[in-house]
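Quick notes on the structure that follows.
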Amino acid sequence: MGPAGSGKSTYCATALQYYQNAKRNVHLMNLDPAAEKFEYNPSIEDVMEEMGYGPNGGLIYCFEFLMESLDWLEEQIGDFDDDYLIIDCPGQIELYTHFPLMRQFCYALQNTFKFNIVGVYCLESQFIEDTTKYFAGVMSATSAMFNLEIPQINVMTKMDLVSPDLKKSLDRYFDPDKSLLLSEANKQTPPKFLSLNNAISSIIDEFSMVSFIPLDISDEDSIAYVISHADNSIQFGEDEEPKEPKVIF
Ligand SMILES: Nc1nc2c(ncn2[C@@H]2O[C@H](COP(=O)(O)OP(=O)(O)OP(=O)(O)O)[C@@H](O)[C@H]2O)c(=O)[nH]1
Ligand SMILES: [Mg+2]
């Protein structure tokens, strides 16, 4: 999940490759009707054309249609058992922050299909270039957490694009500290925003709910680290039966 262009599809492709290399059973499902490569047919262009909707109306129509087609979905993903399913989601932020559809979809995955799920919320590293943008990103990640009510990890993507200088001062963004955030935000905003900055940094600090895991897709260790967080959240691998070692004569 995450805003448009935040690196969701790249994360999905990276995780898919990682699991394929590790010889795990993994599947990738694309929930973004605007995606270019498409394995099945209900594309948003068709919906927009036939129903006369714009891109957002078309997306909502597709989600509503999906929620009415849970039998079909079960045929597609019902046999996965202990497999790992990666779901690439669209970049319309309102799906995570206040529309009920993604929440209903998560509920069905958990309760009807009995998946252990974790939301991977992607925010790109340009959000740490200034504190006010960072606030906006944290607020969106937080509202997704409240709205969806599923375990969530927050990933700071595109770390390969961050300058070495900035990298040194990044800790404050990964595990936010109120006074540092506040003084940075106050430098960047007119005085009338001081109390708003104070309130937002208090929320970030007091709830201690938002921390970010950096992801640099050019670094194998970084990929493994992010995926291990996602795995821990769903206890992936813990239910597996020990496998008989192969006997080679
Ligand atoms: N340098 C760099 N570029 C990245 C990284 N992740 C994504 N990008 C680029 O950022 C752009 C958007 O990446 P996507 O993975 O398509 O982002 P998305 O969140 O799926 O985008 P939407 O589905 O359109 O919302 C693409 O041009 C990617 O090549 C990264 O880790 N490093
Ligand atoms: Mg995408």
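Just so you know, these numbers come straight off a predicted model, no measurement behind them. Both ligands and their constituent atoms are indexed starting at 1 by order of listing.
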* Given the rule in the ring pair (Phe, Tyr, Trp, His ring centres under 6.0 Å) test, do Tyr19 and Tyr84 qualify, once you have shown the distances and angles that lead to the verdict? -> CA-CA 9 Å; Tyr19 275 110; Tyr84 196 98; 4.1 Å; yes
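- Ser9 and Asp88 share a donor-acceptor pair across their side chains, judged by distance under 3.5 Å alone.
- Within the 4.0 Å cut-off (strictly below), a protein heavy atom is located near atom 12 (C) of ligand 1.
- The one candidate from Ile86, Ile87, Asn30 that meets the side chain to side chain contact (heavy atoms under 4.5 Å, CB included) condition with Cys12 is Ile86.
- Asp32 OD2, 3.7 Å is the protein heavy atom nearest to atom 23 (O) of ligand 1.
- The distance from the Mg ion (ligand 2) to the nearest N/O/S atom of Ser9 is under 2.8 Å.
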* What's the verdict on side-chain hydrogen bond (donor to acceptor under 3.5 Å, both in side chains) for Asn197 and Thr189, showing C-alpha distance, side-chain angles and the deciding distance? -> CA-CA 9 Å; Asn197 289 341; Thr189 49; 2.9 Å; yes
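- Checking only distances, Ser9 does come within under 3.5 Å of ligand 1, N or O to N or O.
- Counting the atoms of ligand 1 from 1 in the order shown, those under 4.0 Å from a heavy atom of Ala4 are 25 (O).
- No more than 12 heavy atoms of other residues, nucleotides or ligands shown are found within 6.0 angstrom of OH on Tyr107.
- At a 4.0 Å cut-off, at least one heavy atom of Ser6 sits close enough to ligand 1 to count as contact.
- The nearest non-hydrogen atom to atom 22 (P) of ligand 1, considering only Gly5, Gly91, Gly7, comes from Gly5.
- Between the choices Met1, Lys158, Met156, the shortest heavy-atom distance to atom 10 (O) of ligand 1 belongs to Lys158.
- The protein heavy-atom contact nearest to atom 19 (O) of ligand 1 is Lys8 NZ, 2.7 Å.
- Closest to atom 28 (C) of ligand 1 by heavy atom, among Leu161, Thr10, Val162, is Thr10.
- Here the side chains of Met102 and Cys89 are in contact, with some heavy-atom distance below 4.5 Å.
- Regarding atom 2 (C) of ligand 1, its nearest protein heavy-atom neighbour is Asp160 OD2, 3.5 Å.
- Atom 25 (O) of ligand 1 lies below 4.0 Å from at least one non-hydrogen atom of the protein.
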* Asked: Yes or no on side-chain hydrogen bond (donor to acceptor under 3.5 Å, both in side chains) for Ser140 and Tyr121, after CA distance, side-chain angles and deciding distance?
  -> CA-CA 10 Å; Ser140 70; Tyr121 196 92; 2.9 Å; yes
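- The two atoms that bring Pro214 and Ser222 nearest to each other are O-OG, 3.6 Å, heavy atoms only.
- Between Thr157 and ligand 1 there is no heavy-atom distance shorter than 4.0 Å.
- Of all the atoms in ligand 1, the ones that sit under 4.0 Å from a non-hydrogen atom of Ile217 are 30 (C), 31 (O).
- The aromatic rings of Phe65 and Tyr61 lie parallel to each other, their planes meeting at an angle below 30°, with 60° marking the opposite boundary.
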